[in-house]
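So the structure is just underneath, and the comments pick up after that.
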Amino acid sequence: MKKLRIGLFGFGVVGEGIYRVLTEKSNLNCEIARVCIKNPEKKRNAPAHLFTTDHASILDDASINVVVELIDDSDAAFQLVKRALTSGKAVVSANKKMIAEHHAELIALQEKHQTSFLYEASVCGSIPILRNLEEYFDNDLLQHVTGIVNGSTNYILTQMCQQDVPFDESLKAAQQNGFAESNPTLDVEGIDAAYKLSIICLHAFGKLVNADSILRKGIGSIKPIDLKFAKEKGLAIKLIASTHNNEEGLSASVLPTFITEGKTLSRVDNEYNGLLIGSTLADEQFLYGKGAGRYPTSSAVLSDISALRYDYKYEFRKGQQRTQPRTDGFGRFYVSFQKNEPIDLGLFDTIEEQYTNHEMAYVVGTIRFSELYASDVWQQQDVSLIAISE
Ligand code: HSE
């Protein structure tokens, strides 16, 4: 097995987790040669001689053949990953924002410099979704990937729906547990989920989808009236990322969704993630595991490091076709809003239920996706839009 000398960037929640696992337990024939950090004043639980603040002491060291990038700043991460790949080092990263924003360029660098760029930890923490999609699920047979890809929002929704914990308190707990992004808006608004879905689209269907073009609403607008509706109707609320692909095109969305209690995804709670993979012959399969936190994320990083010992790389056999998600078709939605700030009901194609109390109102019905794209319900903090799963 190839010997790996690792330069680690970042010693935060996951960086330190990887350091611990590799120094205390692993027999992977690899060593952490150097750790690059931003703040040299901070006390670290590792020998001082390992640490540096100088990127070049890793990037220019020819004896280091693997860079593990686990820093928070995605722009800085992109610069150093580019340099590492260009100098022929293999790279492992968990930085979904950087990958989603620069996917094509990073893959091209991997090809040009005949090295490996692996990032299993960037999508659903400990669940091995990318390698499964890449190696096992054939493009022609795969129909959809649908699931819960953000641990923080799932944790918050579980606490709100099942324990009646208010939003702010649940978010704080998610932050304390190390699930949330340093800017939790990325979690709450579904942006983190959109980055992950964009990465899934490429490995599932060979389609490069810009995260900004994904139909997206987060969980920041969910209010007591929505929780009450869910409880009364026996529904769970989950932030669902979903992509479907067929001859007519690819759809991609991240939306709060009502799911009938008892259905598979309704049972994925707290920081757990779960993915349903739909394929023509196998019907549906389910992957479940922890999607955030120190050790679950470290587990995926470790698996990538391990795969580098035999020079594993993603081959992208399904292609890399730049694609705009389709906007045709209908969906069933629940929309709630302040009674004195009503939405334009023209948004709905058909209405099946309406309710108003002294303060709030909601409407249930079908909406054309094209109308939804064109409307401003995404931006309105007071308007809650929840898809209804079939
Ligand atoms: N903030 C992310 C989440 C971390 O909650 O899922 C893992 O990607």
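Throughout, numbering of the chain's residues begins at 1 and tracks the sequence. Order of listing sets the numbers, starting from 1, for every ligand and every atom in it.
- Side-chain N or O atoms of S152 include one that pairs as donor or acceptor with a backbone N or O of A180 at under 3.5 Å.
- Using a 4.5 Å heavy-atom threshold, the side chains of E271 and N177 count as separate.
- The distance from ligand 1 to the heavy atoms of D187 drops below 4.0 Å at these ligand atoms: 1 (N), 2 (C), 3 (C), 5 (O).
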Report, one line per pair, each donor and acceptor closer than 3.5 Å where one atom sits in a side chain of residues 11-23; sequence neighbours left out.
{"unit_1": "E16", "atom_1": "OE2", "unit_2": "R20", "atom_2": "NH2", "d": "3.4"}
{"unit_1": "E16", "atom_1": "OE2", "unit_2": "N45", "atom_2": "ND2", "d": "3.4"}
{"unit_1": "R20", "atom_1": "NH1", "unit_2": "E24", "atom_2": "OE2", "d": "3.1"}
{"unit_1": "R20", "atom_1": "NH2", "unit_2": "N45", "atom_2": "O", "d": "2.6"}
{"unit_1": "T23", "atom_1": "OG1", "unit_2": "Y19", "atom_2": "O", "d": "2.6"}
{"unit_1": "T23", "atom_1": "OG1", "unit_2": "R20", "atom_2": "O", "d": "3.4"}

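- A side-chain N or O of E353 and one of Y362 form a donor-acceptor pair less than 3.5 Å apart.
- At the top of the distance list for atom 5 (O) of ligand 1, counting protein heavy atoms only, stands S152 OG, 2.6 Å.
- Where the criterion is an N or O separation shorter than 3.5 Å, residue side chain and backbone included, K96 meets it with respect to ligand 1.
- A 4.5 Å side-chain heavy-atom check between W378 and L372 finds at least one atom pair inside the cut-off.
- When only interatomic distances are considered, the shortest N/O to N/O separation between F179 and ligand 1 falls below 3.5 Å.
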List the atom pairs, with distances to 0.1 Å, where a side-chain N or O of residues 200-211 and a protein N or O form a donor-acceptor pair under 3.5 Å, not counting sequence neighbours.
{"unit_1": "H203", "atom_1": "ND1", "unit_2": "E134", "atom_2": "OE1", "d": "2.7"}
{"unit_1": "H203", "atom_1": "NE2", "unit_2": "Y119", "atom_2": "OH", "d": "2.7"}
{"unit_1": "K207", "atom_1": "NZ", "unit_2": "N245", "atom_2": "OD1", "d": "3.2"}
{"unit_1": "N210", "atom_1": "OD1", "unit_2": "D212", "atom_2": "N", "d": "3.1"}

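- Listed by number with element, the atoms of ligand 1 under 4.0 angstrom from any heavy atom of K196 are 2 (C), 3 (C), 6 (O), 7 (C), 8 (O).
- Given atom 7 (C) of ligand 1, the protein heavy atom at minimum distance is G291 O, 3.4 Å.
- Side-chain contact check for I237 versus T257: every heavy-atom pair is 4.5 Å or farther apart.
- The heavy atom nearest to atom 3 (C) of ligand 1, out of those in V188, N150, I156, N154, is found in N150.
- For a threshold of 3.5 Å applied to N or O pairs, the pair formed by G151 and ligand 1 contains at least one separation below that value.
- Taking all heavy atoms of E271, E181, K290, Q175 into account, the minimum distance to atom 2 (C) of ligand 1 is reached by E181.
- No heavy atom of G125 sits closer than 4.0 Å to any atom of ligand 1.
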